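What follows is one structure encoded as structure tokens, with my remarks underneath.
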Amino acid sequence: MKSIQSRLFLMLLIFIILPYFLTVFFIYGYTKKLVEQHELEVSRNQMEKASNELVEYFEDLVGLPYVTYRNPDLFRIFEEGFQDSIYFNPIAVKNSIETFYLTRGEIRQIRFYIDKSKESFTVYNAMVSTRKSQPDLVKEDSIKKLYHSHSKYLIEPPHPIENYNDAAIVPQSDNTIVLTIHHKVMDVLSNKFLGIITLDIDLNSYARLCNSLVQNDKETVLLVNSENQVMYASDRHLIGKPVPSNLLKSIHQSGVKTGKEIILSRTLSGPLRQWKLVKITPEQVLFHDVRQTAYTNILVGIGVGFLGLLMIGIISYMITRPIKLLSRKVQSIEAGNMDVPFNDNGQDEIGHLEKHIKEMMNRINLHIAREYKLEIENRNNQLRALKSQVNPHFLFNALQTIGAVALRSNSPNVYGLVTSLSKMMRYSIRANQWVLVREELDYIKTYLSLQVERFGNELTYTIHLDETILDLTIPSMTLQPLVENFFKHCYEEGFYDAQLNIYGEIKGEILCLVVENNGSSITSEELQILRKNIYCKPYEESYSTEHIGLKNIHDRLVLNYGIKAGLELDTNQGQGFIVRLMIPLESKFASQELETV
């Protein structure tokens with residue numbers, strides 16, 4: 001992502017494409033929530049309407065047998081039987097029974113059981129069967145349950161139609177699934193059990209009411225009785241069976257969202273008390289339109305994104321092409337070609353930039369030419385200055401002559417001083433070379449021997465460096481300026497009790513050489529200023545010519561070893577001054593042999 005073109009593409013994705021898709025997802029989620037609330041509300045209203053219609057429908061069916069109480073001929077049969085009634089009129093009774101059968105078109109079969117005579121007869125397709133003795137009918141489970149209950153009726157789960165009396169009027173091919181309602185006929189005054197009227201109702205009659213809730217073939221509706229048996233289901237395989245265990249818990253709650261299905265249930269009242277009307281809607285059906293809208297928006301977004309990428313590609317190419325050409329010119333300058341042609345006729349920002357770069361290159365070339373001439377002149381001046389200097393070999397010979405004279409004059413101390421000075425001059429000629437730490441310490445010891453003659457035996461110092469450190473190489477004249485500062489800022493300023501300590505250690509991959517004293521010190525503010533002067537660049541405004549020795553050592557270490565090298569300064573809490581030289585051991589110079597010097 002370093003190129004401008006790549007960043008333009010990234011900005012497009014972040015500020016255009018990404019917000020667009022986030023907006024689509026937000027709208028989808030918000031719309032989905034509104035649709036869910038709307039559909040749930042519509043479904044609840046539909047279920048309330050269907051529930052009321054079902055309750056009214058079954059109230060009519062359950063109340064239908066009460067017609068017998070208003071029909072004297074029919075009711076007299078239950079009270080006195082067929083043979084014992086002096087008012088028995090077979091034609092009138094048959095007409096009443098047929099009329100009762102034809103009252104509702106959904107009635108498939110009616111069975112009349114007269115308890116007085118323990119016999120029953122059925123009506124099928126408006127035809128009355130012969131009577132049949134059924135003394136054990138009351139012992140059947142459903143009839144027995146109704147007989148011993150306080151309820152006037154009992155509704156059985158749907159089942160295939162049954163030929164109660166084995167009457168010929170019921171064809172064997174009729175396998176219609178019917179809902180059975182048993183109605184108990186009682187004497188109103190004496191509350192005596194008179195018989196049972198059984199109605200077989202075609203499911204299609206109330207299936208239409210239930211199916212009015214289903215808007216899609218993937219939706220499911222259930223009608224469940226109080227014993228959790230399915231009285232009707234849009235899935236015919238469930239009719240008459242117990243409710244599946246995975247739905248049993250959900251149907252007792254309203255508006256339950258289970259996995260990818262939304263389940264609504266409503267408790268019915270009246271003759272269907274404790275029954276449940278349940279509607280199951282798959283989530284994918286409910287949110288089909290919302291998803292289609294979201295997919296359309298996503299496809300449109302992809303198209304917009306593709307066009308956007310194409311547009312930004314063209315724009316970025318037109319914008320970045322002159323920038324790339326300018327970048328190549330700058331790279332050519334970095335490679336050393338100072339005569340790169342620039343187009344300064346452009347009127348846009350790139351044209352102005354090329355114009356300014358051309359002017360800057362002209363000034364740089366002029367400056368280089370001037371500096372080159374000055375360098376040549378400085379070289380000539382240095383050559384002339386060197387010619388005027390005294391030959392160093394002449395000075396060595398002269399010092400040796402003076403030393404010989406001192407020995408003939410019985411002045412061994414003078415000879416020792418002259419010898420030390422000769423060693424120092426010979427070592428200082430190698431100021432730009434690499435030396436062993438051991439050689440740098442020999443030079444320092446020679447220097448200290450001269451200072452002992454100057455300040456007397458009161459001068460105290462310690463040097464502790466192990467053999468591993470002594471065999472490493474460092475730039476010459478690295479430690480000596482720090483020792484010289486000790487005399488400049490301690491002894492020459494009157495701190496005669498100060499002690500000089502030189503030691504070192506290897507910390508991981510860093511060689512740490514320390515030169516410290518317990519005499520002269522500086523304040524914290526002065527230490528901060530000193531650090532700032534040492535670590536600043538020569539061209540910075542804060543650059544100072546003070547403490548040039550410390551800065552030269554720091555710059556030489558950084559130049560030879562990299563940014564990990566340098567000086568660290570401290571005042572030992574105002575009790576002296578400490579200088580630490582940090583030299584990375586992985587540097588190629590840290591392990592050079594003496595012959596490379």
Side-chain angles (χ1 to χ4, degrees), residues 54-68 100-101 103-115 120-124 129 132 134 136-167 170 174-186 193-210 221-244 248 251 267-278:
L54 280 172
V55 170
E56 291 177 1
Y57 177 78
F58 275 92
E59 282 180 347
D60 291 342
L61 288 180
V62 170
L64 187 61
Y66 288 110
V67 175
T68 58
F100 180 66
Y101 176 85
T103 302
R104 303 294 292 256
E106 61 267 37
I107 299 177
R108 300 288 295 179
Q109 181 179 216
I110 302 177
R111 179 179 64 183
F112 293 89
Y113 171 73
I114 293 86
D115 187 64
S120 68
F121 64 93
T122 61
V123 182
Y124 179 85
S129 71
K132 182 179 180 181
Q134 286 187 323
D136 298 328
L137 180 65
V138 182
K139 297 180 181 180
E140 294 181 1
D141 292 338
S142 56
I143 303 299
K144 182 178 180 181
K145 182 178 180 180
L146 176 62
Y147 179 78
H148 293 287
S149 68
H150 297 288
S151 178
K152 299 293 185 181
Y153 59 90
L154 183 144
I155 303 176
E156 282 190 23
H159 58 86
I161 192 170
E162 180 182 351
N163 191 346
Y164 294 118
N165 286 4
D166 295 327
V170 181
D174 191 349
N175 295 318
T176 305
I177 303 298
V178 294
L179 177 78
T180 299
I181 301 176
H182 300 288
H183 189 91
K184 185 165 52 175
V185 180
M186 305 290 293
F193 175 70
L194 300 179
I196 297 290
I197 299 177
T198 299
L199 303 177
D200 287 341
I201 307 298
D202 192 340
L203 294 186
N204 294 330
S205 56
Y206 67 91
R208 289 190 294 270
L209 298 176
C210 296
V221 63
L222 299 175
L223 181 63
V224 181
N225 65 10
S226 58
E227 297 177 356
N228 295 323
Q229 291 177 306
V230 178
M231 307 301 287
Y232 175 76
S234 53
D235 183 359
R236 295 279 178 167
H237 296 89
L238 298 177
I239 297 177
K241 298 178 181 179
V243 178
L248 190 57
I251 64 175
T267 303
L268 305 180
S269 59
L272 305 181
R273 58 183 178 276
Q274 301 306 315
W275 284 32
K276 299 284 185 179
L277 182 61
V278 182

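Computed from a predicted structure; not experimentally measured.
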Which residues pass the salt bridge (charged side-chain N to carboxylate O under 4.0 Å, His left out) test with Lys241, sequence neighbours left out? none

Using a 6.0 Å cut-off, check whether atom CD of Gln274 has over 12 heavy atoms from anything other than its own residue. no

Heavy-atom closest contact (Pro157 atom, Gln229 atom, distance): CG-OE1, 3.1 Å

Do Arg111 and Leu137 come within less than 4.5 Å of each other through their side chains, counting heavy atoms only? yes

With no hydrogens and no angle check, just 3.5 Å: does a side-chain donor-acceptor pair link Tyr124 and Asn163? no

Among Ile161, Leu199, Leu179, which one satisfies side chain to side chain contact (heavy atoms under 4.5 Å, CB included) with Arg108? Ile161

So, do Leu277 and Trp275 sit near enough that their side-chain heavy atoms are less than 4.5 Å apart? no

Taking all heavy atoms of Met231 and all of Tyr206, pick out the closest pair and write down the distance. O-OH, 2.8 Å

Scanning both residues in full, the closest heavy-atom pair of Leu54 with Cys210 reads CD1-SG, 4.0 Å

Just jot down the ring pair (Phe, Tyr, Trp, His ring centres under 6.0 Å) partners of Phe193, sequence neighbours excluded, or say none. Tyr147

Just how far is it from atom CG of Asp115 to atom OH of Tyr113, taken to the nearest 0.5 Å? 4.5 Å

Tyr164 and Phe112, any side-chain heavy atoms less than 4.5 Å apart: no

If you define the side chain from C-beta out and look only at heavy atoms, does anything of Tyr66 sit under 4.5 Å from Lys152? yes

Under the salt bridge (charged side-chain N to carboxylate O under 4.0 Å, His left out) test, which residues partner Asp202, sequence neighbours left out? none

With sequence neighbours left out, write down each residue that passes side chain to side chain donor-acceptor pair (under 3.5 Å) with Thr68, or none if nothing qualifies. none

So CD1 of Ile177 and CG of Asn204: to nearest 0.5 Å the spacing works out to 11.0 Å

Heavy-atom closest pair (Ser142 atom, Leu154 atom, distance to 0.1 Å) is O-CD1, 3.8 Å

Would you say Leu64 and Arg104 make side-chain contact, with heavy atoms under 4.5 Å? yes

Partners passing side-chain contact (heavy atoms from CB on, under 4.5 Å) against Val243 (at least two apart in sequence or in another chain): Val224, Asn228, Val230, Leu247, Leu248, Ile251

So, for Thr122 and Ala167, which heavy atoms are closest and what is the spacing to 0.1 Å? OG1-CB, 4.3 Å

Check whether any side-chain heavy atom of Thr180 lies under 4.5 Å from a side-chain heavy atom of Thr198, and answer yes or no. yes

Might you point out which heavy atoms bring Asn165 and Ser120 nearest each other, and give the distance in Å? ND2-O, 2.9 Å

Return the CD1 to NE2 distance between Ile110 and His183, rounded to the nearest 0.5 Å. 12.5 Å

Would you say Pro160 and Thr176 make side-chain contact, with heavy atoms under 4.5 Å? no

For residues Val185 and Ile197, determine if any side-chain heavy atom of one lies less than 4.5 Å from a side-chain heavy atom of the other. yes

Assess the side chains of Tyr57 and Ser205: does a donor N or O sit below 3.5 Å from an acceptor N or O? yes

Contacts of type salt bridge (charged side-chain N to carboxylate O under 4.0 Å, His left out), residue Lys145, not counting sequence neighbours: Glu227

